[in-house]
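Here the structure is laid out as structure tokens; the discussion comes afterwards.
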Amino acid sequence: MSAWNPAQYERFKDERSRPFFDLLSLVSAGTDPGTFPTLSPRVVDLGCGTGELTRELHRRLAARETLGIDSSPEMLAKSSAFAGDGLRFERRDIADFADAGGFDVVFSNAALQWLPGHERLFAHVAALVRPGGQLAVQVPGNHDHVSHTTAHEVAREDEFRAALGGHERVSPVLPPEAYAELLHRLGFAEQHVRLQVYAHTLASRDEVVEWVRGTMLTDYQRRLPADVFARFVVRYREVLLSRLADERPFLFPFKRLLLWGRRGA
């Protein structure tokens with residue numbers, strides 16, 4: 001069962017969009033025939049969400065065709081407003097998505113962290129990139145922050161551990177250097193890998209709870225009955241706020257990995 005709530009996710013829309021545009025800046029604009037395989041690239045956005053940012057991707061790359069895929073019907077419900085002029089959306093799973101023609105740009109912003117086995121996953125995703133094409137991926141790397149570790153501690157408490165059947169969210173995200181090695185092995189002769197800290201200024205520490213509810217906590221939400229998840233959030237809030245400084249505004253540092261590579265011709 002999906003627990004994605006577009007309204008909850010987009011409470012921090014501006015902050016969440018910053019890594020998207022930073023990632024997009026790593027991708028060639030599609031106008032220089034000396035560095036791009038085609039003037040009008042074929043593009044796929046893996047984990048497109050509502051599709052609003054996919055429209056920006058489509059426009060800025062002057063793509064002839066862009067396909068946005070996502071597994072969440074709640075997110076895709078909004079995508080029809082952005083479709084058209086070569087941009088379309090489909091409900092598909094990234095893990096088994098395939099396309100015989102391949103793409104000039106394979107783009108994924110804050111989606112692959114939900115899938116396990118990144119060595120195998122990146123080999124699958126890289127296979128979608130045409131020779132000379134580009135892969136651009138952004139994944140959160142904040143799994144060691146107290147906002148995340150506290151959730152896992154709460155999941156281990158007796159009531160929740162029983163309801164979750166012992167499940168605990170484990171991030172599959174690898175260290176930055178592991179992705180550099182992966183890109184090299186997968187044939188990306190050019191690459192750019194960086195760890196970036198985004199300093200988000202929130203109104204108060206309470207907003208950290210709302211931020212995490214829109215993303216990582218959905219993994220627990222979809223596994224718990226509504227009343228149990230409500231108690232989970234109350235307990236999470238109680239423990240987390242005791243560990244965060246009561247400052248207004250509140251600085252929420254968030255680490256992300258930005259990965260780019262161009263496949264050899």
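Note that this is a predicted model, so its numbers are computed, not measured.
For the pair Arg263 (side chain) and Val129 (backbone), a donor-acceptor distance under 3.5 Å is present. Distance alone, capped at 3.5 Å, places no donor-acceptor pair between the Asp93 side chain and the Ala95 backbone. Judged by distance alone, with hydrogens and angles left aside, the side-chain atoms of Arg205 form a donor-acceptor pair with the main-chain N or O of Leu241 at under 3.5 Å. Arg262 contributes no side-chain N or O that, together with a main-chain N or O of Glu190, makes up a donor-acceptor pair within less than 3.5 Å. Checking side-chain atoms of Asn109 against main-chain N and O of Gln138 turns up no donor-acceptor pair under 3.5 Å. Between the side chain of Gln113 and the main chain of Ala111, a donor-acceptor pair closer than 3.5 Å is present.
Contact annotation: the side chain of Val125 approaches that of Leu46 to within less than 4.5 Å [non-hydrogen atoms, C-beta and beyond]. Looking at Val212 and Arg237, their side chains never come closer than 4.5 Å, going by heavy atoms from C-beta outward. Looking at Glu159 and Phe232, their side chains never come closer than 4.5 Å, going by heavy atoms from C-beta outward. At a threshold of 4.5 Å between non-hydrogen side-chain atoms, the residues Leu128 and Phe97 count as touching. Between Phe89 and Lys78 the shortest side-chain heavy-atom distance does not fall below 4.5 Å. Taking 4.5 Å as the limit, some side-chain heavy atom of Arg194 sits within range of a side-chain heavy atom of Leu26. Counting heavy atoms from C-beta on, the side chains of Val209 and Asp206 never come closer than 4.5 Å. Using a 4.5 Å cut-off on side-chain heavy atoms (C-beta onward), Phe20 and Glu56 make contact.
Judged as a salt bridge (charged side-chain N to carboxylate O under 4.0 Å, His left out), and not counting sequence neighbours, Asp85 has no contacts. With sequence neighbours excluded, no residue forms a salt bridge (charged side-chain N to carboxylate O under 4.0 Å, His left out) with Asp96. With sequence neighbours excluded, no residue forms a side-chain hydrogen bond (donor to acceptor under 3.5 Å, both in side chains) with Arg91.
The two residues Gly51 and Phe82 make their nearest non-hydrogen contact at C-CD1, 3.7 Å. Considering all non-hydrogen atoms of both residues, Val27 and Gln134 come closest at CA-OE1, 3.4 Å. For the pair Thr218 and Thr215, the tightest heavy-atom approach, listed with the atom from each and the gap, is OG1-O, 2.5 Å. When all heavy atoms of Leu186 and Ala123 are compared, the closest pair comes out as CD2-CA, 3.8 Å. Residues Asp45 and Ser108 come closest through the heavy atom pair OD1-CA, 4.2 Å. The minimum heavy-atom distance linking Pro19 with Tyr198 is given by the pair CA-OH, 3.4 Å.
To the nearest 0.5 Å, atom NE2 of residue His200 and atom CG of residue Asp14 are 10.5 Å apart. Atom OG of Ser79 and atom CD1 of Ile69 lie 12.5 Å apart (nearest 0.5 Å). Summarising the geometry, atom CZ belonging to Arg231 is positioned 13.5 Å from atom CZ belonging to Arg235; distances are rounded to the nearest 0.5 Å. To the nearest 0.5 Å, atom OG of residue Ser71 and atom CG of residue Leu76 are 8.0 Å apart. The line from CD of Gln191 to NE2 of His184 is 8.5 Å long, rounded to the nearest 0.5 Å. Rounding to the nearest 0.5 angstrom, the gap separating the CZ atom in Arg256 from the CG atom in Asp22 is 10.5 Å.
Between the side chains of Asp219 and His167, at least one donor N or O lies within less than 3.5 Å of an accepting N or O. Glu52 and Thr50 form no side-chain donor-acceptor contact under 3.5 Å, judged by distance and modelled atom types alone.
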Anything under 3.5 Å between a donor and an acceptor, one on a side chain of residues 143-152, the other on a protein residue two or more places apart or in another chain? List them.
{"from": "His143", "atom 1": "ND1", "to": "Ser171", "atom 2": "OG", "distance (Å)": "3.4"}
{"from": "Asp144", "atom 1": "OD1", "to": "Lys255", "atom 2": "NZ", "distance (Å)": "2.8"}
{"from": "His145", "atom 1": "ND1", "to": "Ser147", "atom 2": "N", "distance (Å)": "3.0"}
{"from": "His145", "atom 1": "ND1", "to": "Ser147", "atom 2": "OG", "distance (Å)": "2.9"}
{"from": "Thr149", "atom 1": "OG1", "to": "His145", "atom 2": "O", "distance (Å)": "3.4"}
{"from": "Thr150", "atom 1": "OG1", "to": "Val146", "atom 2": "O", "distance (Å)": "2.8"}
{"from": "Thr150", "atom 1": "OG1", "to": "Arg243", "atom 2": "NH1", "distance (Å)": "3.0"}
{"from": "His152", "atom 1": "ND1", "to": "Tyr220", "atom 2": "OH", "distance (Å)": "2.8"}
{"from": "His152", "atom 1": "NE2", "to": "His148", "atom 2": "O", "distance (Å)": "3.4"}
{"from": "His152", "atom 1": "NE2", "to": "Arg169", "atom 2": "O", "distance (Å)": "3.4"}

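Checked against the 6.0 Å centroid threshold, Tyr236 and Phe229 do not count as a close aromatic pair.
Residues near Val197 contribute nothing to a hydrophobic cluster around it, because no ILVMFWY side-chain heavy atom sits closer than 4.5 Å to its side chain.
Sorted by first and then second residue, the side chain to side chain donor-acceptor pair (under 3.5 Å) pairs with a member in residues 115-124 read His118-Tyr179; sequence neighbours excluded.
Ring geometry for Trp211 versus Phe252: interplanar angle over 60°, hence perpendicular rather than tilted (30 to 60°).
Both Leu183 and Val106 are part of a single hydrophobic cluster, where members link through side-chain heavy atoms under 4.5 Å apart.
Comment: Arg88 engages Glu65 in a salt bridge, judged by a side-chain N to carboxylate O separation of less than 4.0 angstrom. A salt bridge does not link Arg42 to Asp104: none of the charged side-chain nitrogens sits closer than 4.0 Å to a carboxylate oxygen.
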